[in-house]
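Take a look at the structure below.
Proteins come first, then strands; the chains are lettered A, B, ... in the order of their sequence lines, and each starts at number 1.
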Amino acid sequence: MSSEVTVTLGASRRVVPRGTAVRDVLLDGNKRRDIVAARVNGKLVDLSRALEEDATVEPVTADSPEGIDILRHSTAHLMAMAVQELYPGTQVTIGPTIEDGFYYDFAPKAPFTVEDLPKIEARMRELAKANLRVERIEVPRDEAIGKFQAMGERYKVEILQDIPEQTVSIYRQGEWMDLCRGPHVPSTGYIKAFKLLNVAGAYWRGDEHNAMLSRIYGTAFASKEALEEHLKLLELARQRDHRKLGREMGLFLFDPLSPGSPFFLPRGAIVYNELIVYMRRLYRRYGFDEVITPQVFKNDLWKTSGHWEFFRENMFLTSDEESAGAEPNYAFKPMNCPGHTVIFAAEKRSYRDLPLRLADFGRLHRNERSGTLHGLERVRSMAQDDAHIFCTPEQIESEVDLNLRMVREVYASLGFEAVEFKLATMPAEHMGSEEQWRENEAKLGNALSRNGLQWEENPGEGAFYGPKIEIYVPDALKRKWQVATIQLDYNLPERFDLSYTTAAGSEARPVMIHRAILGSLERFIGVLIEHTGGVFPFWLAPEQVRVLSLSEKVEGYASEVAQLVKREGFRASADLRNEKLGFKVREAELGKVPYMVVVGEREAEARTVSLRMLRGAKNEAMSLEGLVRRLKDEPLPG
RNA sequence: GCCACCCUAGCUCAGUCGGUAGAGCAGCUGAUUCGUAAUCAGCAGGUCGUCGGUUCGAAUCCGACGGGUGGCUCCA
């Protein structure tokens, strides 16, 4: 074995003694704090890592995606160190980086509160200033177990026991150490721009049967400026919160008398109904038939469907006189599917009837746990643009394709770019055989790939009756919400003993596909508000045109213009109040009315209007016919 | 449901050490008749989320409950 190794650094190549630290070839004596780690033969390593073989070495800077991740992870360690110093007896668990930051879960003697954060932050700053060396130590796994056991860190011991490798790495800074894969920044002085954001409860390993830990969220950036910018962005996102905009724009409200169930006000109901109108147009084109089905069903239906066994916790139960004060004998529907099987089974079906696509905007009620409710994005009362497709096994692929096309059309026309596709696979609690599940998962995965869509697996997240394609879009704070879904189901047809007559005259079992494109209209509207900042496309705007009169003298003309626009089928109003124009413009801007039509004596005289578009600085004079033409030219999707 | 926090006028928020509440906006009334993001003045509006406790006295301290916020979990 040679005592030297060849290092490739960009275009140059050098020979250095074996065991030379990455830092020495990369920094060459320069004090550069922007390089936090290195990539050696493609693997991320510490700057202190010794080169033991020929290698290509690349610097990882703090502002690169990998670099910022390392910086945040090191910040999480710094936080854990500060916490354990300040609160002796607190155990550490895990502290990963997440999008835009990091968190660390602790098992403290008493849960942390936000008041603890400044103190922890202050200690972190001291520790950063001390510029402690961050050292990687590799030890046999069993030795590490003994070490952490001695430290009383039973969560770390549990983690170690699940690690298959015989050697593990520990990172030490000062007296403090933590089990960690690394890499990390060379010393705590690298950590300059960070902030602790909030505290939250979190179960150990995400399982509610386990202990409740105390989680602290924070973030770190390569520079103070980048941190400031991020905090500003968070603030802007809060401005776009659909709950805030919904109240300000008069779209909906919530009342403690029905927690988690929105009241859509006249303006919000317009958005709601226009979305339904849009979907109905698509249904005609894509071949769906709309049905209207009951709100409550006897328990027998839910017992047959499996909801009684798998979904009862989430159902609102109710009774009629037959229950005679005993157990509730009815339940509000949480899903439309069982009701649709009733329609399918009501007639003798033939292969000629398939695919049968039944769409339903029926209201659904789900008793979601109180802590999960979140504005319009998680509600207890909702309607979906729901449909169930009954088809032959051979039709599955073309039906899934049809719905994927529909998903793409809808999200493209509404301007959503960040759409994520996932394939949710068999959950622990499920109906049907594993073999059937795997086969169906493959079918959905193939459909996604066939349609040229990027997708990831979401293991164990399928519905209890089948695997599903889930489509996610983000809200203002980048939280991802599932909107559309396409689910394969062999189980309900089995449970309801559904059948159709084949061409050969035999009886066969249909397959059901559950699907929604917008998903819950409530959630979709919530996400749409945040996506658009409340500035809806023209066709969805609750108020499309507002005529602003300049003075009492033109009241009549202003009303006439508004009437004309209304007769043409647009949602319009006239602001005839005795207010200054600037004030009326301001209110229309805040109300996000796309067309502001200003009329004064000049316009009344010439029978014209002065058009000001929302967020548009200049105004345009035009005839009444010109205005109507402009409105009619506004695009309508579908 | 669990952990932390919050709840004062329709909305956004002040309210010191425990001494029975205050602003801006919105609303109402009046004046102003106005050219592209806030005209002026006056009036009215609150059992301080609810219930209980501590105290001579509670918006303020403690507890329970309700609702909400951020997470966990669940899920469209």
message: Looking at A/E313 and B/G1, is any side-chain donor or acceptor paired with a base atom of the opposite kind under 3.5 Å?
response: no

- request: Could you say whether A/S214 or A/G616 is positioned toward the 5' end of RNA chain B, judged by the nucleotide with the nearest heavy atom to each?
  value: A/S214

Roughly how many Å apart are [M] and [N], using the [atom1] atom of each and rounding to a whole number?
N: B/U29; M: B/G53; atom1: P; value: 45 Å
N: B/G18; M: B/U54; atom1: C1'; value: 12 Å
N: B/A9; M: B/C3; atom1: P; value: 28 Å
N: B/U50; M: B/A76; atom1: P; value: 38 Å
N: B/G22; M: B/U16; atom1: P; value: 13 Å
N: B/G71; M: B/G10; atom1: P; value: 29 Å
N: B/C48; M: B/A21; atom1: P; value: 10 Å
N: B/C13; M: B/C6; atom1: C1'; value: 14 Å

query: Which dot-bracket notation, 5' to 3', represents the base pairing of RNA chain B when pairs are defined as Watson-Crick or G-U with both distances under 3.5 Å, crossing pairs as [ ], and inter-strand pairs as |?
result: (((((((..((((.....[..)))).(((((.......))))).....(((((..]....))))))))))))....

Would you mind classifying the nucleic acid contact of [X] as base, sugar-phosphate or nothing, using non-hydrogen atoms under 4.0 angstrom?
X: A/R247; result: sugar-phosphate
X: A/E555; result: nothing
X: A/K618; result: nothing
X: A/E601; result: base

Residue A/E235 excluded, over 12 heavy atoms near CD under 6.0 Å: yes

Does [X] use its side chain to pair, donor to acceptor, with the backbone of [Y] at less than 3.5 Å?
X: A/Q384; Y: A/L518; answer: no
X: A/H340; Y: A/C337; answer: no
X: A/D385; Y: A/G519; answer: yes
X: A/T372; Y: A/E368; answer: no
X: A/T97; Y: A/H73; answer: no

Rounded interatomic separation in angstrom, taking [atom1] from [X] and [atom2] from [N]:
X: A/L548; N: B/A38; atom1: CG; atom2: C1'; value: 14 Å
X: A/E603; N: B/U36; atom1: CD; atom2: P; value: 12 Å
X: A/N210; N: B/C3; atom1: CG; atom2: P; value: 15 Å
X: A/E248; N: B/G10; atom1: CD; atom2: P; value: 17 Å
X: A/E587; N: B/A37; atom1: CD; atom2: C1'; value: 10 Å
X: A/F583; N: B/U33; atom1: CZ; atom2: P; value: 18 Å
X: A/H209; N: B/G1; atom1: NE2; atom2: C1'; value: 11 Å

Flag side-chain contact, heavy atom, 4.5 Å: A/N367 against A/M315: no

field: Sub-4.5 Å side-chain heavy-atom contact between A/V379 and A/P262
entry: yes

message: Could you tell me if A/W204 and A/E158 have a donor-acceptor pair between their side chains, going purely by distance under 3.5 Å?
response: yes

- prompt: Do A/Q487 and A/Y465 have side-chain atoms, one donor and one acceptor, less than 3.5 Å apart?
  reply: yes

message: Looking only at the side chain of A/E552 (C-beta and beyond, no hydrogens), which of the listed nucleotides B/U36, B/U33, B/A26 gets closest?
response: B/U33

task: Determine, using ring centers only, whether A/F194 and A/F102 are less than 6.0 Å apart.
output: no

- request: Would you mind building the protein contact string for nucleotides 60-76 of chain B? One character per nucleotide, 5' to 3', B for base within reach (heavy atoms under 4.0 Å), S for sugar-phosphate only, - for untouched.
  value: -------SSSBBBBBBB

